[in-house]
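Atom set for the values below is all heavy atoms of this structure, side chains included, hydrogens, waters and symmetry mates excluded. In what follows, chains are A, B, ... by sequence order, proteins preceding strands, each numbered from 1.
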Amino acid sequence: MSTYNHKQVEKRWRNFWQEHNISSVKMDLDKPKYYCLDMFPYPSGSGLHVGHWRGYVLSDVFSRYKTLQGYQVLHPMGWDAFGLPAENDAINKGIHPTVSTASNIANFKRQLQEIGAMYNWDREINTTDPDYYKWTQWIFLKMFERGLAYQKEMPINFCPSCQTGLANEEVVGGECERCGSQVEKRKLKQWMLKITAYADRLLEGLKQLEWPEKVLKMQEAWIGRSEGAEIDFYIQDMDEKISVFTTRPDTLFGATFMVLAPEHELVEKLTTDEYREQVEEYIRQTQTKSSVERMANKDKTGVFTGSYAINPVNDRLIPIWISDYVLIDYGSGAVMAVPAHDERDYEFAQVFGLDIIPVIADLDGIIPELPFVMDGILINSGKFDGLSSKEAKDSIVKYLAEEGRAVATVQYKMRDWVFSRQRYWGEPIPIVHCDSCGQVPVPESELPVRLPDVKNYQPTGTGESPLAAIEEWVNTTCPACGGKAKRETNTMPQWAGSCWYFLRYVDPHNNEALADKEKIKYWLPVDLYVGGVEHAVLHLLYARFYTMFLKDIGVVEFDEPFKKLFNQGMITKDGAKMSKSKGNVVNPDELVEHYGADALRIYELFIGPPEIDAEWMDNGIEGVYRFIQRVWAIVENSVNVNIEPTRKSEQLRHRLIKTITERLESFKLNTVVSAFMEYVNEVSQVFGGKQMIDRKSIETLAILLAPLAPHFAEEIWAKLGNENSIFVNATWPSFDPEMLVVDEVTIAVQVNGKTRGTVTLAVDANEETAKAEAFKITAVNNALEGKEIVKTIYVKGKILNIVVK
RNA sequence: GCCGGGGUGGCGGAACUGGUAGACGCUACGGACUUAAAAUCCGUUGGGCCAAAAGCCCGUGAGGGUUCGAGUCCCUCCCUCGGCACCA
């Protein structure tokens, strides 16, 4: 008997699939479709480890399962290839990003092919391909046309030593990731995308998604909608007013001071000469404080400006302070401080000895310990006394609104998206700056604006992108007036290309549009999106935003691109996330070599519940390997022998179909594997423990195994005499419920809830029969001795419990 | 601090809607085959009492509760991993 030679077999079938174009898929309106998408990777130099494999195996299992069920399955792969590592390599080693990217992609592709994954390679995309980023730029232009892309002065991270702007993810603990210098803030004109215009839709849309609760919550928190009011405060002896946002207008009578962000535009005007020195010193301090310090130290600091505002409900004069606990970019950058009912204001009032007036009592009318931040009943609030917080929020805003001094509003934590990077390796922003015409979009016919080749990737030192140094590229003519103009030298962030890539896969070579409308209509939305939870907010929010925008301009017909999201858990080694620096990376290549891709695939599933983190065990794969060998031995023993199925073997077979199907559908993939093992253990006993089974059982087993172990299943399928691929020939089997009915069942016998033994009965045996059998058990009789039976509980097929006293 | 996940043998984990806790796999030990080894196959493997078996006791992070019966439901708490964090 020959052992199963995975190396030969897997290679042969991979060739077969390639030669017969098995993975190619076309739109077919007569068939149902299934779009199974992996988050496409950034092709890094270090390749894939077994942690990455987990998600890819999962999506491939699902794709193959759906294929066997007769769906047209779109399961594409591509490369999110713009990004910093390639650019850094270019700076440090002088390798052109295109070159390093291409070789990394080749390695990734090899690894993915070794998984045996059924990717539609004829639809491969690459975000750095000009034919692709042409459309990334096109979407930007459409946003620009509609006022959703605009420029604004924004502080960016700047490394004084590397002389370059840094992305947030390159700043670690306030220091430059590469050289360790303190990162500074520099104000530069940045491109922004007005994602806030979609805040409500982004929030609302979450309701219809089958996403992990965790991700929905994270997005909700990120959008951070809060309802409240804007209230105007006049300034004493000055023709100015300050507007504040509050969610608690019911506490307005308790506002005893006001706090502005140090950057607030009125600070200078409000500061009296007496306090000017201190105020300026404080502002200077906050500016030099790194964001890390500002976050770490939550002790309240601040200074008085010398001016007073007037509380609009009681005309009380309240001092105006500045403090860095008030953020300039939320609300109006100013707050009314109600120390009795807000923890931060309370702390501030304590530090500086400011008045604290309670205006909310609890529901029993008692003033609780301050600060009391819950809703309650109003006190010390003039004619509003006695109202509940809820009523008062309304009434007070209405009252002030009559005089135009308040308006109900909604605020979001989400900010507009800073969309420019001072980088070479990204999509050029297709805008031209003309002295007479201003910002002029590059005409669609001139897209793509290609990245020029450069010799030197060194940053310019001005905080501009390296593109700024390429004069022949920067200097151009204005598309509007034909005069001298300069190209925008900022590039797009890495997220840009991934915001819409799932659309391109349906029509990757289209030159006329980002994708054909009919094809979009057929394939989208994505039925299953598989990827790591690290993209819970940014990528998944940006992609939703893009989709909504594309719907608004008539490119797509749906709001939400990803119906169902699945986040696979991380695979850890020695209790830690796998990383090169920790030296705990498990490389799949050797495992594939030794045990085969199928064994590795199955182990990736078997390791634990797919959504939960799992610890890698080197010898865990051994068990899976043995399982494959064992099944192979059974197949070899049986295939040329004529074995008649028995009732028992048929029952096991039908039960297996049911179990595997149900567990696949509910993503309990670790238990899919154990179900196969249990089946093989049991079925090999059926025919006298001879490690042989009937042909029908082998056939079913092969099909059910095919999503998990495609090469292995093909080999069995061929051994059965089939000539084409199992994925072409076979269809997913169904089970007969009648075959699941068992006639005997073993149930537990308990005395007072403690199990004392088991009895095997006919499924529909009555209580008397059950009891009679139970009384034959020594342990049951021991427990009953000298006791009185109070009652018995008998649940057919489940339990017999005898209650005694 | 807030939100979410997790806590079950030596290890990874199973357990439907409350019904025999520890399936399946790993490890370890014993045995068969072999000149020997590898591979394979068979058996044992939560802890304890007992020479052994029968039998009994304990056992799903801790403590309470509901129930004939709780890993599963309710209350209080602990540990751990992630996310957010001065958003008024």
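Place A/Met218 and A/Met414 on RNA chain B by their nearest nucleotides, and A/Met218 ends up nearer the 5' end. When each of A/Val533 and A/Asp342 is assigned the nucleotide of RNA chain B with its nearest heavy atom, A/Val533 is the one assigned upstream, toward the 5' end.
A/Ala221 comes within 4.0 angstrom of no nucleic acid atom, judged by non-hydrogen atoms across all strands. Using a 4.0 Å heavy-atom distance criterion, A/Lys413 is classed as a base contact. When heavy atoms are screened at a 4.0 angstrom cut-off, A/Pro212 is found touching no nucleic acid atom at all. At a threshold of 4.0 angstrom between heavy atoms, the contacts of A/Thr755 are confined to the sugar-phosphate backbone, with no base atom among them. At a threshold of 4.0 angstrom between heavy atoms, the contacts of A/Arg756 are confined to the sugar-phosphate backbone, with no base atom among them. A/Glu615 comes within 4.0 angstrom of no nucleic acid atom, judged by non-hydrogen atoms across all strands. Within 4.0 Å (heavy atoms only), A/Ile607 reaches sugar-phosphate atoms of the nucleic acid but no base atom. Among the heavy atoms of the strands lying under 4.0 Å from A/Asn681 are primed sugar atoms or P, OP1, OP2 only; no base atom is included. Heavy atoms of A/Asn670 sit under 4.0 angstrom from primed sugar atoms or phosphate atoms, though from no base atom. Among the heavy atoms of the strands lying under 4.0 Å from A/Asn619 are primed sugar atoms or P, OP1, OP2 only; no base atom is included.
A close approach under 4.0 Å does not occur between any side-chain nitrogen or oxygen of A/Lys754 and OP1 or OP2 of B/G55. For B/A15, the OP1/OP2 oxygens have no side-chain nitrogen or oxygen of A/Thr671 closer than 4.0 Å. Contact annotation: A/Arg626 reaches the phosphate of B/U40 (side-chain N/O to OP1 or OP2, under 4.0 Å).
Ranking B/U20, B/A23, B/G19 by closeness to the A/Glu678 side chain, first place goes to B/A23. Closest approach to the A/Met677 side chain among B/A88, B/G25, B/U20 is made by B/G25 (side chain taken as heavy atoms from C-beta onward). Distance from the side chain of A/Lys217 is smallest for B/G4 among the nucleotides B/C86, B/A88, B/G4. Comparing B/C56, B/A88, B/G19 by their closest approach to the side chain of A/Val326 singles out B/A88. Taking every side-chain heavy atom of A/Ile612 into account, B/G6 is the closest of B/A88, B/G6, B/U20. For A/Lys791, taking side-chain heavy atoms from C-beta onward, the closest of the listed nucleotides B/C24, B/U20, B/C68 is B/C68. Listed candidates were B/A15, B/G55, B/C11. Nearest to the side chain of A/Ala779 is B/G55. For A/Thr746, whose side chain is taken as the heavy atoms from C-beta onward, the closest listed nucleotide among B/U20, B/G12, B/A23 is B/U20. The side chain of A/Val335 sits closest to B/A88 out of B/U20, B/U40, B/A88. Here B/G12 is the nucleotide among B/G13, B/G12, B/G19 with the atom lying nearest to any side-chain atom of A/Met617.
For B/G9, the glycosidic angle deviates from 0 by 90° or less, giving a syn base.
Not a single donor-acceptor pair under 3.5 Å links the side chain of A/Gln568 to the backbone N or O of A/Val530.
One C1' atom belongs to B/G63, the other to B/A70, and the distance between them is 15 Å to the nearest Å. Nucleotides B/C73 and B/U80, compared at atom C1', are 24 Å apart to the nearest Å. With both ends at atom P, the span from B/G10 to B/U45 equals 15 Å, rounded to whole Å. Comparing B/C74 with B/A23, their P atoms are spaced 28 Å from each other, to the whole Å. Going from the C1' atom of B/G61 to that of B/C81 covers 15 Å, rounded to whole Å. The same atom, C1', is picked in B/U67 and in B/G19; the two are 12 Å apart, to the nearest Å. With P as the reference atom, B/A62 and B/G9 are 10 Å apart, rounded to whole Å. Atom name C1', nucleotides B/G71 and B/C16: the rounded distance is 14 Å, in whole Å.
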So A/Arg756 and A/Thr778, side chain to side chain donor-acceptor pair (under 3.5 Å) or not? Walk me through it. CA-CA 9 Å; A/Arg756 298 292 170 177; A/Thr778 321; over 6 Å; no

Set out, in order, the CA-CA distance, both residues' side-chain angles and the distance that settles salt bridge (charged side-chain N to carboxylate O under 4.0 Å, His left out) for A/Lys300 and A/Asp345, then state yes or no. CA-CA 9 Å; A/Lys300 295 287 174 288; A/Asp345 298 345; over 6 Å; no

One pair to check against side chain to side chain donor-acceptor pair (under 3.5 Å): A/Thr746 and A/Thr760. What are the steps and the verdict? CA-CA 4 Å; A/Thr746 302; A/Thr760 302; 3.0 Å; yes

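Evaluation of atom-type donor-acceptor distances gives a pair under 3.5 Å for the side chain of A/Lys300 against the base of B/C86.
Under the Watson-Crick or G-U wobble criterion, with both distances below 3.5 Å, B/G55 is paired with B/C49. Look at B/A23: it lacks any Watson-Crick or wobble partner with both distances under 3.5 angstrom. Figure legend. B/G4 is base-paired to B/C81; pairs are counted as Watson-Crick or G-U wobble with both atom distances under 3.5 Å. Remark: B/A88 base-pairs with no nucleotide; criterion is Watson-Crick or G-U wobble with both hydrogen-bond distances under 3.5 Å. Across all strands shown, B/U44 forms a Watson-Crick or G-U wobble pair, both distances under 3.5 Å, with B/A28. Across every strand in view, B/A39 sits unpaired, with no contact that passes the Watson-Crick or G-U test at under 3.5 angstrom.
With ring centers used as reference points, A/Phe348 lies under 6.0 Å from A/Trp321.
The shortest heavy-atom contact between A/Val244 and A/Val335 is CG1-C, 3.8 Å.
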What is the per-nucleotide protein-contact pattern of nucleotides 46-54 of chain B, from the 5' end, where B denotes a base atom under 4.0 Å from a protein heavy atom, S denotes such proximity for sugar-phosphate atoms only, and - denotes neither? ---------

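A salt bridge links A/Glu227 with A/Arg225: at least one charged nitrogen is closer than 4.0 Å to a carboxylate oxygen. Note on A/Lys393 versus A/Asp375: salt bridge recorded, some NZ/NE/NH1/NH2 to OD/OE distance being below 4.0 Å.
Taking the six-membered ring for Trp and thresholds of 30 and 60 degrees, A/Trp632 and A/Tyr4 have ring planes inclined between 30 and 60 degrees apart.
Contact of the A/Val624 side chain with the A/Glu622 side chain is not registered, since no non-hydrogen atoms from C-beta on lie closer than 4.5 Å.
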